[in-house]
A.B. asks: 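Before I ask anything, let me first share the structure, which is written out below as structure tokens.
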2 protein chains.
Amino acid sequence: MVEKKKTRSELKREAIIDGALNAFQQFGVADSSVDKIAELAQVSKRTVYNHFESKEVLVTEIITQECLKNNVFGQQDFDASKSIESQLTALLKQELTLLCSEHMIEMIRVAMAHLMFAPEEVRQKAQELFDQETPLRRWLKQAVEAKKLNIDDIDFAEQQIKGLLKVSAFWPQLMRHKKPLSKAKQNHLVEKTVAMFLQFYKA
Amino acid sequence: MVEKKKTRSELKREAIIDGALNAFQQFGVADSSVDKIAELAQVSKRTVYNHFESKEVLVTEIITQECLKNNVFGQQDFDASKSIESQLTALLKQELTLLCSEHMIEMIRVAMAHLMFAPEEVRQKAQELFDQETPLRRWLKQAVEAKKLNIDDIDFAEQQIKGLLKVSAFWPQLMRHKKPLSKAKQNHLVEKTVAMFLQFYKA
DNA sequence: TAAGTAAACTACACTGGGTAGTTTACTTTT
DNA sequence: AAAAGTAAACTACCCAGTGTAGTTTACTTA
């Protein structure tokens, strides 16, 4: 970290983003007034408007920024020298760790609620953020090419894996119905998922 | 249907519910003002308040009523004389039909958005509506008892099935990212799901 | 069949409170 | 001195909910 000096302006900007995030997570976007955000950020309302020309700009900037921040995974290529079990296990653990992080879940909750009734164009744009090639899909393709897996529809197979993970690790937590999975439970889930998936698709 | 005469009051009440449903689906609960609802229902605002003492009452009544309406499935017991494949297939087709209905999806979208930032107690109550024993779980239990399936954790296994179905038939549609699955695609999904599930759990 | 009645509906004005966004006058930081 | 901050007040709305006076409907009685 070379950067250490932050101008007051930058500090304020971060405070605003923090405050807004805080407000959104507590009350949702619709019920977070700019006054409320300014108060939580310990910043005057005018300052909010100096940094963001409107509430809408603030909202979309935060959501896209935070979602992008979360979406940065490392790559992991198929490695013929390792067993597919161990590779898939590692990959899913990584994916699940991300999916289970409170920060991730809260951001998606905020974004989903905001987008659920948003106009088509806004939803469209947001969707693009999520439609990137994932490490999992990339790995599956390579495993199929290496003839280690028998998959006719890779996209569908990827969806199956994600469905198996999300149904108990993500959706209930999104609705705050269940607590985030512990590491132990995450590992158990990955194990079960890998077992079922490979029993079906392994070449 | 013996009942045919409906009092004007009953007609108005239905109109209000229809209008509110309409408004909620278009704009979400938060952005549906009582004025808007009254206009859509072709009813005076005062009449809305004559039937429902507050907007909150209107909202919760509609959501719970509609969700309950959707949650009425028929039972289907395990039948030792039929193959488990055909029984599970039939069961999942039934479940999926419900899950894919536009009305169902729209109601859940409304309810989810409303509950996402609602206070704990409200969410708790809503959750109870969904935590009923499903026909699927019941059938799985019976199939295990009959030693046709090897499942150690039935709840988890049920979740797996639901995850496999919802990930492509429900969640994308909830976010209006994909259209409801056609009957043909529903059947294909059920087929794939049954195959994967039974390959893993069949005794 | 005609008049009467109670209940429900309507239009409309109004209260009280909240919100987005703007502006002003003044202060602090750079 | 310029740039960025602050508090506070102000505008122009929107919304939940109420009160009122007049109208319509469905049903009953004469």
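Quick note on labels: first sequence line is chain A, next is B, and so on, each numbered from 1. The analysis underlying the following values was restricted to heavy atoms, covering all of them including side chains, and did not include hydrogens, waters or symmetry mates. Quick caveat, the model's predicted, so the values are computed rather than measured.
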A.B. asks: Between A:Y49 (OH) and D:dA4 (C1'), how many Å, whole number?
C.D. replies: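 My rounded result for the distance is 18 Å.
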
A.B. asks: Closest nucleotide of DNA chain C for A:K36 versus for B:V43: which of these residues is on the 5' side?
C.D. replies: B:V43

A.B. asks: Check the orientation of A:W171 and B:W171. Use parallel for under 30°, tilted for 30 to 60°, and perpendicular for over 60°.
C.D. replies: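 Rings of A:W171 and B:W171: parallel, as their planes differ by under 30°.
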
A.B. asks: Using a cut-off of less than 4.0 Å, is there contact between a side-chain N or O of A:K12 and OP1 or OP2 of D:dT6?
C.D. replies: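 For A:K12, the contact criterion (side-chain N or O under 4.0 Å from OP1 or OP2 of D:dT6) is met.
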
A.B. asks: Ring of A:F27, cation from A:K36 - is the NZ or CZ under 6.0 Å from the centre and inside 45° of the axis?
C.D. replies: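 Because its charged atom sits under 6.0 Å from the ring centre and within 45° of the axis, A:K36 does stack over A:F27.
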
A.B. asks: What is the distance from CD1 of B:I37 to P of D:dC14, rounded to the nearest Å?
C.D. replies: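 Between P of D:dC14 and CD1 of B:I37: 17 Å.
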
A.B. asks: For a quick test of reading the model: is some side-chain N or O of B:T47 closer than 4.0 Å to OP1 or OP2 of C:dT10?
C.D. replies: yes

A.B. asks: Please check the phosphate of C:dA8 (OP1 and OP2 only) for any side-chain N or O of B:H51 closer than 4.0 Å.
C.D. replies: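 Answer is no, no contact under 4.0 Å.
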
A.B. asks: To the side chain of B:R8, which of D:dG5, D:dT24, D:dT6 is closest?
C.D. replies: D:dT24

A.B. asks: With a 4.0 Å cut-off on heavy atoms, is A:S33 in touch with a base, just the backbone sugar-phosphate, or nothing at all?
C.D. replies: sugar-phosphate

A.B. asks: Among A:L136, A:T193, A:V190, find the residue that satisfies the side-chain contact (heavy atoms from CB on, under 4.5 Å) test when tested with A:L88.
C.D. replies: A:L136

A.B. asks: When you measure from the side chain of B:E106 to the backbone of B:Q25, do you find a donor-acceptor pair of N or O atoms at a distance under 3.5 Å?
C.D. replies: no

A.B. asks: Indicate, with a heavy-atom threshold strictly under 4.0 Å, whether B:E56 touches base, sugar-phosphate, or nothing.
C.D. replies: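 Here B:E56 touches no strand at all.
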
A.B. asks: Select base, sugar-phosphate, or nothing to describe what A:K45 touches, counting heavy atoms under 4.0 Å on all strands.
C.D. replies: base

A.B. asks: In whole Å, I'd like the distance from the CG atom of A:N50 to the C1' atom of D:dA3.
C.D. replies: 10 Å

A.B. asks: Among A:V144, A:D77, A:I84, find the one that has a side-chain contact (heavy atoms from CB on, under 4.5 Å) with A:W139.
C.D. replies: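 Of the listed residues A:V144, A:D77, A:I84, the side-chain contact (heavy atoms from CB on, under 4.5 Å) partner of A:W139 is A:I84.
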
A.B. asks: Looking only at N and O atoms, is any donor in the side chain of A:R46 or the base of D:dG5 less than 3.5 Å from an acceptor on the other one?
C.D. replies: no

A.B. asks: Measure the distance from CG on A:L58 to C1' on C:dT19 and round it to the nearest whole Å.
C.D. replies: 15 Å

A.B. asks: Counting only distance, no hydrogens or angles, is the base of D:dG17 paired donor-acceptor with the side chain of B:K55 under 3.5 Å?
C.D. replies: no

